[in-house]
Amino acid sequence: MSQAMTIARPYARAAFAIARDGGQFAPWSDALAFSARVAADPQAAALLAHPALSHDDAVALLAPEGADEKFAGFLATLATNGRLAQLPEIAGQYEQLRAEAEHVVLATVTSAAELPDAEVEQIRAALKRRFGREVQVETAVDASLIGGAVIAAGDVVIDGSLKGKLARLQSALTH
């Protein structure tokens with residue numbers, strides 16, 4: 001496990017607990033996603049790392065319009081502890097906790113080219129049958145796969161890419 005994941009875990013759990021107690025899963029998801037995008041931007045990251053930037057100014061930069069006091073307080077805690085750079089990892093771990101609580105499997109389908117909606121829906125339906133839970137699918141494109149797709153859902157990875165098949169064939173031929 002990477003150090004960033006380890007550092008982010010208690011903050012993600014704290015954010016999740018606050019959102020759960022307030023029945024605010026979706027608003028916190030949106031707010032964390034916004035803050036994570038801002039914190040990941042190279043120009044914003046440089047500004048956030050500047051020693052002259054006050055914690056209040058950092059919170060003002062990162063908080064989406066209309067964010068509640070608890071979210072601003074959460075950002076202030078991150079600023080005080082020097083953890084604003086971990087916002088992207090915190091947001092990702094928060095989403096995993098939310099998915100578990102809502103009994104949803106998060107799946108990423110990475111393909112060599114953009115998949116038609118009908119094909120994404122077929123994959124979602126197949127994963128739903130396999131896991132017996134709702135499945136939320138995100139798609140990504142990686143031309144280096146050459147063809148096919150790689151599906152990652154929780155701890156399960158299904159590599160149906162041409163690149164993966166070629167690597168397995170090469171391994172079999174060399175052993």
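- You'll find the side chain of I158 reaches within 4.5 Å of the side chain of R130, heavy atoms only.
- Residues Y11 and N81 meet the side-chain proximity criterion, which asks for heavy atoms closer than 4.5 Å.
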### Query
Checking side-chain contact (heavy atoms from CB on, under 4.5 Å) for the pair V157/I151: CA distance, chi angles, key distance, verdict?
CA-CA 6 Å; V157 177; I151 301 169; over 6 Å; no
### Step-by-step side-chain hydrogen bond (donor to acceptor under 3.5 Å, both in side chains) determination, Q93 to E89
CA-CA 6 Å; Q93 289 189 26; E89 185 63 37; 3.2 Å; yes
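- For S161 and D159, the side-chain atoms include at least one donor-acceptor pair closer than 3.5 Å.
- D57 places no side-chain N or O within donor-acceptor distance of the main-chain N or O of L53, the cut-off being under 3.5 Å.
- For the pair V38 and A44, the tightest heavy-atom approach, listed with the atom from each and the gap, is O-CB, 3.0 Å.
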Show every donor-acceptor pair shorter than 3.5 Å between a side-chain atom in residues 136-148 and any protein atom, with sequence neighbours excluded, or say none if there are none.
from : atom 1 : to   : atom 2 : distance (Å)
D142 : OD1    : S144 : N      : 3.0
D142 : OD1    : S144 : OG     : 2.7
D142 : OD2    : S144 : OG     : 3.2

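- Between L32 and L87 the shortest side-chain heavy-atom distance falls below 4.5 Å.
- If you take CZ on F16 and CD on Q96, they are separated by 12.0 Å, rounding to the nearest 0.5 Å.
- Minimum heavy-atom separation, P88 to A85: CD-O, 3.4 Å.
- Two residues are said to be in side-chain contact when any heavy atoms from C-beta on lie closer than 4.5 Å; F71 and P27 fail this criterion.
- Follow the hydrophobic side-chain contacts under 4.5 Å out from F131 and you reach V120 in the same cluster.
- A donor-acceptor contact shorter than 3.5 Å links the side chain of T174 to the backbone of S171.
- Across A101 and F25, no two heavy atoms sit closer than the pair CB-CZ, 4.2 Å.
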### Task
In sequence, state the C-alpha distance, the side-chain angles, and the governing distance for V105 and E134, and then conclude on side-chain contact (heavy atoms from CB on, under 4.5 Å).
CA-CA 6 Å; V105 175; E134 285 300 315; over 6 Å; no
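- Summarising the geometry of A149 relative to V109, their closest heavy-atom pair is CB-CG1, 4.2 Å, with the distance given to 0.1 Å.
- Ring pair F74/W28: centre-to-centre distance below 6.0 Å.
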### Task
Apply side-chain contact (heavy atoms from CB on, under 4.5 Å) to L78 and L75, showing your working.
CA-CA 5 Å; L78 292 177; L75 290 176; 4.3 Å; yes
### Task
Mind running side-chain contact (heavy atoms from CB on, under 4.5 Å) on R9 and Q86 for me, showing each step along the way?
CA-CA 10 Å; R9 184 183 308 121; Q86 274 72 44; over 6 Å; no
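- When every heavy atom of I90 is checked against every heavy atom of A12, the shortest pair comes out as O-CB, 3.6 Å.
- Shown here for A39 and L62, the closest heavy-atom pair between the two residues is N-CD2, 3.9 Å.
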